[in-house]
Every structure is written in structure tokens, then in C-alpha cells.
Asker: 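Encoded as C-alpha cells, here's the structure I'll be asking about.
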Amino acid sequence: MAKINIAKAPVNSAVLPFYGIAALFFILLSILLLFQSGSLTGGYFNFHLLSIVHIAVLGWLTMIIFGAGYQLLPVICERNLFSEKLAFVSFLLLLTGVVLLAAGFWCTPSLGAVFPVWGLIGGGLIFLSSLLFVCNVAGTSKICDSYSIQKNFILTSAIWLCWTTLAGFLLAWNLRYPYISKDHLELLKLHAHMGLAGWFLQLIIGVSAKLIPMFLLGKSSKNNLLTKAYMLINAGMLLFLTDGYLNGVTDRAIIYLILLLAGIACWMLYLKDVYNNRIKRPLDITLRFTGLSFINLGLTIAALILIVLWRPPIRSQIIYGLLAILGWLSALVLGMTFKTLPFIVWNGHYKHLNGKGKIPLPKELYRQNLLQLQWWLYLLALYGLIAGLLLQLDLLIKASTLCLIGTSLSYGLNIVIILRHKTIFIHATTPEAPDR
Amino acid sequence: MPLLQKLQTDDPFFEQKTVALQRLYEVIDPELFVNIMDLGLVYGIEFTPAQKILVTMTLSTPHCPLGEAIQEGVKNKLLQEFPTYQVQTVIVWTPAWSLENVSDEGRKLLGMPPKG
């Protein structure tokens, strides 16, 4: 009986706007990708591509992770969210920041041109938004009684996000007012990996270690694997960044990559243990997206190893980025949205009506056929894009981006259906009381 | 053994408990789509002469976001049957819920093979 706290869900304004706007950014990025598909076959320091990449990692992925994070933090930390107001302010800052920054990149015609001031302001707002996210994570986890490695992963990832957005802001400043003597492109690598391995990877490990056992009804007592993963990943990251900043990215990156991979292996072993101890029932489509995300993570790592060891042509770096952002991270979000959002909305509409009469189930708040369509279009889009890039087939790349637009529209439509859901309730007839 | 079968016929609230437990078969876990009785989430039920019903139960995972909704379901369902009673739910974590708690019917609904 001791220490029981069924955490309260935060108010909808702290969560739902993130989901809605993230879906819009996903649609926007897929449309922009169609018109800029030629950029994919060029170098990665292309301002239009930078704009699309920032829409993807901030407007789409970080936006939705913030929303889901504010909903899940109370679950993970077993306490109410520290501040719902801060959550909403972080939403406004992130939204404005992404619009300004992405537009700033888009409007910068070439490397020699001046980056606009409002683009810089956008970068600053994104940094402020990430600071507010850290405050909420730290504030919520500070009042958390029990030690939890999942909590540490999430807090650490939020701190890495702050460093990433600060570094991004300083790099953008350097575009307008050059002051950094080091190679901008080398620093860009550090900035990108701070975001990928510091923010996204650790956030996903923290959340997955809590949610996947919940969804699969599986259990693992091997929490020490997560502790090892935490140590290895952060050691690898710190060494990579320090060495990379002081000496540039050298062959020593392989050592840091091995540390990182060992950490990922520990996390995978933990999840395998959960999977082996789950209720053995068919995986629904949302969990199929999760499974696909892990396959894409494997492909991303393989691409990274190839780049570190053999330094292949520039397009392999585009493939690496595509696998990480549109493969690993987007697949996870595309599935997990339907494991979180319908439940959040369902709780708001039906929590107090449960048991009183006939009500829909959370999975009935969205269209299963749209989700199926999303699954097939996404497969065509992602692997078509990879094949198109490998084979340098412009037509295949264009056709795949059309599939991506289809994916984003079917996803967006389902989000609208969920967010605009109206309560459906058929009152039960009260039975006659039995003789007592 | 299912809770219903554990009821003693000489229990002064035998009839009420039987009806109450039968009603709880209608409370569904919204994530698993299986009722909470077959999932083995309900550990006990007490009726007091002061017209109180106390349901001792657990959740499939600590701090489940749907925990409140499930508790509301229990209260609403029992209040339909016993409108003059006060219903209270108590969540306990020991003994922890495990797959062993799931009834044969529950296993069938979850698509699991039968026990043993």
C-alpha cells in the first residue's frame, strides 16, 4: 500500500497541441522533400536540405516527443507533471522557433550569403524551449521518490538536447557573424550526433524501457543492462565530442562508436528479455512500426560503420541521415503515436464514463484502414528513397517522396480524427437492485 | 481459483458479492480489451453493514495511465447495481500481478495458449 501514486494525466493543452502541429510539420516536410528531391543527391550542407532536416528533427520529431514526454513523465516519475504552464510555453517557443529557423535556412540562397537575423532568433527560441523542457523533466523527476534508470535516461537526454540546441544556435550565429576558426562542417557533425545519440537515442531508451514492457505485458529484472547502456553511451558521446572538438573527427571515432554500440547492445538485450517474457499474442500494427524502427536502427548503424571505416561518397551520408531520421525515428513515432494519443484523448472523454454504459475503445478512436495505408505507403517511401539514392534514380526518388506525402496525409488525417473526436455514449439501463 | 468460486455460502454478503463480482466481468481494460476479472486484477471484495463496498485490486503495470479509468469503471459498474452503497477501490502492488493471475478464458481472449 505504501508509496502508491497513480499519476494524474496533465491537462490536454500541455500535450495535444504538440501532436497536432507535429503532424502538420510531417506533411510539410514530405511536400518540401518532393520539391527538393534533387538536393538528396547532392552534399548535405545545402540550405534547403538543412531547412527540411530541421523541420524533421525539431518540428516533427522533437515536437511530438515533447508532447508524449509531458504525458509520460508523470507515468515514469510516478508524480504529476511539474508545470503544465511551462509545457505550453515550451510548445509556443518551439513552434515559433522552428518556423523562423527553417524559413531562415530556406531563404539563405548559398553558403556565402548572410543568414537572416530572424533565423537566429528562431534558433534562440528553440534553445529556450529545450531549457523549459529540461526544467519540467528535472522538476518532475526531483520529486520522484524511487531511483529509476529510465528517469536518468530521460533527464540526461533532455540535457543533451539543450547542448544540441545551444550548439545549433552558436553555429547559426557563425553563419551570420563568422567567429569560429574551426571547420563549420566538422562542428556540424558534432552538433548532429549530439542530437542523434545524446537526445533522440537516450530519450528513446528511457521511454522504451518503461513503455515496451507495459505494451507487451512483459517483464525484465535485468535493469543492470540499462545502467551499463547509460554509462557506455554517455562515455562514448563525451569522448567523441571532446576529441572531435579539439582535434576534429579522426579514426579514433571508431573507439567511441564501439562504446556507443556496446551501450545499444545492452539496451537491445534488455528489450529481448522483455520480449521473451511477454504475453505471446500477435503484434498489432503500431508495434510493427516499432519493430521496423529497430530494423532501421540496425541499418543506420551499419551505414555509420561504413562511413567511419571507409569514408564512402557523400550520398552515403545522406542515406545515413535518411535512415536515422525517416527510418529509425519516424517509424517509431508513426507507430507510438497510436499507442499514446488515442489513450490520452480517450481518458479525457471516457475516464468517468467507464462502466456506465457503452463507450468506444481507444483503438476505435482512429481509422484502422488509414493506419494500414500509412504502413504500406511508408514502406514504399522509405525503402524506395534508399534504393533511389543508391541507384541514383531520380524518378524512383520522386515516386518515393510522393508515397511519403501519402504516408504523412494518412497519418495527419488519423490525427485530425482523434483530436476532433466527440464523446459517444449510450447509457446503460439501470438493472433492478437485487434483494438484500 | 476464480474469485467467484472462492466465495463462502455462509458469508452474510454471499449474494451481494456474487452479483458484484459478476458485474465486474463487464469492466474492460481499455488497452487489453479483456475484462478485469479474467485478467485477475481483482483480489477481493468486501461489503460492510454500513453500506460500503471495498474492492481490493491491482493493475497490470504500476502507474498505468489507464489506472484511474479502470477504477472509475469498477465504481460506476457497482454503483449501477448497488446505488445506495459507497464504493471504494484500493490498489495494491503485493502480490504483484503476473500472467499466472489470468484465467483460462482471459488467456483465450488474449490469444495465449492455455495453462500447463
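Computed from a predicted structure; not experimentally measured. Throughout, protein chains are lettered first and strands after them, A, B, ... in sequence-line order, and every chain is numbered starting at 1.
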Asker: What part of A/Leu353 is in contact with chain B, defined as an atom under 4.5 angstrom from a non-hydrogen atom: side chain, backbone, both or neither?
Answerer: backbone
Asker: Closest approach of B/Pro30 and A/Trp346, non-hydrogen atoms and distance?
Answerer: CG-CH2, 3.5 Å
Asker: Supply the atom-to-atom distance B/Ile70 CD1 to A/Lys351 NZ, rounded to the nearest 0.5 angstrom.
Answerer: 12.5 Å
Asker: Side chain of B/Gln80, backbone of A/Gly355: donor and acceptor closer than 3.5 Å?
Answerer: yes
Asker: Do you know which of A/Leu361, A/Asn354, A/Ile359 has the most heavy-atom pairs under 4.5 Å to chain B?
Answerer: A/Asn354
Asker: How many angstroms lie between atom CD of B/Glu68 and atom CG of A/Asn347, to the nearest 0.5 angstrom?
Answerer: 7.0 Å
Asker: Salt bridge between B/Glu72 and A/Lys356, side-chain N to carboxylate O under 4.0 Å?
Answerer: no
